[in-house]
Visitor: 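The structure follows.
Per chain, numbering begins at 1; letters A, B, ... match sequence-line order. Because the structure is a prediction, the values reported are computed rather than measured.
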Amino acid sequence: MGLFDRKKIDWYFFAMVLLILVFSCLAVYSSTSSSQSLPMRENFNKQLIWIAIGLMLMVLITFVPTRWYRELCYIGYAGLIVSLILLDLIGGSAGSANRWFELGSIKFQPSEFMKPMLVLTLARYLSNDDLDPNRFRTLLTVFGLALLPFALVIKQPDLGTALAFLVVTLPMLYWRGLKPIAIFIIVSPFLTFIASFNFWTFFFSILLISSMLFFSGKSAPVFWSVFFLNILVGILAPQIWSELHPYQQNRILTFLGLVSDPQGAGYQIIQSKVAIGSGGLLGKGFLQGTQTQLRFLPAQHTDFIFSVLAEEWGFVGSLIVLAVFFAFLWRGIGIAAASNDRFGSLSVAGLVTLFAFQVVVNIGMTVGIMPVTGLPLPFISYGGSSMITSLIMAGLIANVSMRRYHYYR
Amino acid sequence: MIDLAPKRLVFSSIVALFFLVLAIKLFQLQIHQRQEYFRHSESNRIRRFVLHPDRGLIFDRNCTILVDNSPAYTLYATPYETLGNDSTMERLSQIIGVDTKVLKAELSKAESPFSAVRIRRNIDYATLVSIEEWKLSLPGVFYEIEPKRIYPSPVRAPHLFGYLGEVARAELKSERYAGLRPGDLVGKAGLERLYDQRLRGHLGYDFVEVDALGREVRDIVMDGEIAQVRGEDLHLSLDVRLQAFAEELFVQKRGGLALVDARNGEILALCSKPDYDLDLFSDGISIEEWRHLITADDKPLYDRMVKSSYPPGSTFKLVLAAAALQDGVISPNSRVHCPGFYRLGSRSFSCWNEAGHGTLDLLGAIRESCNTYFYALSLKVDVDRWAEMARKFRFGQPTGIDIPGEAAGLVPDRVYLDKTYGKGGWTRGQMLNLGIGQGDLLTTPLQMAQFAMILGNRGICHQPHLLRAVYRPAEGDTLWIRPQSESLEGISPETLEVLTEGMVQVVNAEGGTGRASAVPGIEVAGKTGTAQNPHGESHAWFIGFAPYERPQVAICVFVENGGGGGGVAAPIAARILRRYFDLYPRQARQKNE
């Protein structure tokens, strides 16, 4: 058992990461090289620098003993919470959204680093042997840990990242042994929330939830408290809706096809779909995508980078990107399942969930089946914080993978 | 440790399910609907640009340019890129000196956020330089060269040329304005309006590959590209020297003059003063300037020569004389004694010469413009016979000159008088007034010039017109406009001979009222008029033609509230006629004459 046991280095996993990074280089180069502005053209070189830094961090993180993360994650979590509060109090930069700290020329986005940090924190909490995942107190603690950064980040406002904090909780609880019916009870208020805008959908969702609870043999107090909680959500949802940022409401409505907004989010989706659709089977070729090169595609080197790949490399290219991502995630799930260390296993489950969530939401957005949330595509989108966070997360997975046969306790 | 294999399966299945949905959606977009999206992407990148043709020029008869084009810069902004961008809006408002709120309101009116809105026409050079300087911080702001009208000659003639303005939305639907877009400039008045379709030319189309900011990436050749065809040039009968001279003569005066080539009806000069500066319109007239123009006391927008009608005064005595001679009511030798007034029942109608003209025959009455003689004559001629004669001389109807909005004037007849004053409600006193060109009778100064031309031509009328020829660049040929001529029926040569003889005496004989219009070496024939009117001082009239034997030009001089025709209008006629014969020497008599 050595720190540098090369036989156990997960070469397959690293190969996946490097392959995705190649896609990133192709897409970022294509989407920035034709710009008339010099700073935009320089973004490709910057991206290479971020990749280099990220890869070094990934390797470094892979070889640090897993228990270090376990020891340090609570402190890291607290630190990032403090920095998110500071960001909220003193304000940052970049338009109206307070997402970044600026330290000289380097921008630091705490909410990005919060993603893996939350996963590690939850993993440490859940890996306690004495813990019963089906206790109400466990759920309360887990959601409390997630809701704190959620509240701070949604204020920025960054809906996509904030949602990622919530999304990561349930799969990790499930991985730790939470029963499916409990997951259903937890999810039910969200179903009610969505259903509450129409009386009949609301009525049937309450009926469904009640019958599910009844037949699962839950005790009367649980049944009635869940029942009334859902009624309450149904009544309050319209009020909560009116509290949302107008642009968030707009994005959600546009996504649902309830309003057409050719100037805002709707325009981005239209141009993205035109880019992807016009790519056809084999694509228009590298640097030949008209939507990309003539800059009809908005945020094409960041949020809509997948559209660039799909336009220039076609359906075949899109499927290859999807396939490599799936193989990457598949490998991640395998590592989580194979790990003998509960902290490591839970961490990887959470990290894989984060990656999967971001990939599905981002690509879903570019093809028009998900709302425009501003979540970058991991490893591919241009951006320092996103790239480095993704590679740190990959490093954490590789770290667990390397030690999957180790027992720490 | 519990077995994680089932959980791994659930986990993987959920991820696989989501990826499957993505793959299906990608298949739908990239394979199933590929054609549709490809078309979208093609139309996204290929933009059709409208090529604006140069508007046709306007020349005088000697090919001097009267109306020309000059490049001007028009500023545009695309709402999609500018409206939401506060720094762009601020910079733009700072450069052009317009409040951001006003700018935003203008941009919000666009039909689509991607269609450019015209911000300002004819921006000055300093603004242009600022726009170029800040180009990088002004995405979505651009300018285009759009010609404006300039007037390089000394001739102003706004009432003839007219001005351009943005086509009205209601007009866009009509055939006349087919193919134009909102905001395009069209002729709004005068020749610019009447000959708009000739002057406008044909739009061309160019296809260009653009980026998302609408910036041209490269020119591509496609079917449906057409070059623009510049508008047709108008060659007018105006003589820039005579027109400018005429305008000079009327500086600080109200009124105008018409100088017509008696041989074909071509207008050599036609000025109406006061007028306005056409540059105001081509630079984009402000609301204040426009308000000033329409409310000014001296009504500069009013075309006094063509669109306004006035009582013609004594010049119209010729019509009464013609009616009387033609019907044989009198002979040229019929005499009337003028004691300085005419008594009708208990009322006394005064002659302009209160001392009285003594006993006069018809020629003498024309020469000295004796009211008393024509008072007496008016009672001998039936009002309908008189009106008929007036209409034969083309009064009461537009001359047909190529200027839109011409007035017809008014020739009262029995039907009219019955209708206006009731049957029997009008008196013989009104007849006396009509006989000397007063009362309800109204004529335009242009009609009076036409009248002088008909008399000079001894009964032949050429329709007055400004357009001589059109150069058509598309066909590469010149279209000559044929004058429309007609010999008037029902007026005998003898009658006309008496009238013209009287007119010669007006200018050349002792006691003639129009002696101030005489030109050395040229036999001018004319008639003065001093028309009383309820609006103040009398209107001064002079009509005439020259030379007497074979007239080359006919003229009408009109000075609104100017005073006496002989004292005010006749000298002006002399000056323009002298200028004319300096430029166009009198034609030699033919040998057999």
Visitor: Relative to chain B, which of A:Gly279, A:Ala338, A:Gly334 shows the most heavy atom pairs under 4.5 Å?
Guide: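 Answer, by heavy-atom pair count under 4.5 Å with chain B: A:Gly334.
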
Visitor: Measuring heavy-atom distances to chain B, does A:Phe357 have an atom under 4.5 Å in its side chain, in its backbone, in both, or in neither?
Guide: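 For A:Phe357, no heavy atom lies under 4.5 Å from chain B.
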
Visitor: What part of A:Leu329 lies closer than 4.5 angstrom to a heavy atom of chain B: side chain, backbone, both or neither?
Guide: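 For A:Leu329, the side chain is the part near chain B, not the backbone.
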
Visitor: A:Gly280, A:Gly289, A:Ser318, A:Gly283: which one forms the most heavy-atom pairs within less than 4.5 Å of chain B?
Guide: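 The candidate making the most pairs under 4.5 Å is A:Gly280.
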
Visitor: Is B:Arg176 paired with B:Glu171 through a side-chain N to carboxylate O contact shorter than 4.0 Å?
Guide: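 Salt bridge: no.
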
Visitor: With a 4.5 angstrom heavy-atom cut-off, could you sort out which part of A:Ile363 is near chain B: side chain, backbone, both or neither?
Guide: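 When you check distances to chain B, atoms from both the backbone and side chain of A:Ile363 fall under 4.5 Å.
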
Visitor: May I ask you to decide if A:Gln291's main-chain N or O and A:Glu311's side chain share a donor-acceptor pair within less than 3.5 Å?
Guide: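 It does hold such a pair.
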
Visitor: What orientation do B:Tyr73 and B:Tyr143 show, parallel under 30°, tilted 30 to 60°, or perpendicular over 60°?
Guide: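 Ring orientation of B:Tyr73 relative to B:Tyr143: perpendicular.
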
Visitor: Centre-to-centre under 6.0 Å for A:Phe328 and A:Phe355, is that the case here?
Guide: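 Yes.
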
Visitor: If you measure only the distance, is there a donor-acceptor pair under 3.5 Å linking the side chains of B:Ser12 and A:Trp330?
Guide: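 Distance-only check fails for B:Ser12 and A:Trp330.
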
Visitor: With chain B as the partner, which of A:Phe326, A:Phe325, A:Phe315 has the greatest number of non-hydrogen pairs under 4.5 Å?
Guide: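 Highest number of pairs under 4.5 Å: A:Phe315.
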
Visitor: Looking only at side-chain N and O atoms, does B:Gln30 offer a donor or acceptor that is under 3.5 Å from a partner on B:Tyr37?
Guide: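 Absent: no donor and acceptor within the cut-off.
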
Visitor: Tell me, for A:Ala310 versus chain B, whether the close heavy atoms (under 4.5 Å) come from the side chain, the backbone, both or neither.
Guide: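 Both backbone and side chain.
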
Visitor: Is B:Leu26 in contact with chain A via its backbone, its side chain, both, or neither, using a 4.5 Å heavy-atom distance?
Guide: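 Contact with chain A: backbone and side chain both.
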
Visitor: Is it the side chain or the backbone of A:Phe306 that comes within 4.5 Å of chain B heavy atoms, both, or neither?
Guide: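 Only the side chain of A:Phe306 comes within 4.5 Å of chain B.
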
Visitor: For A:Ser307 and A:Ser272, test the side chains for any donor-to-acceptor distance below 3.5 angstrom and give the result as yes or no.
Guide: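 Yes, A:Ser272 and A:Ser307 have a side-chain donor paired with an acceptor closer than 3.5 Å.
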
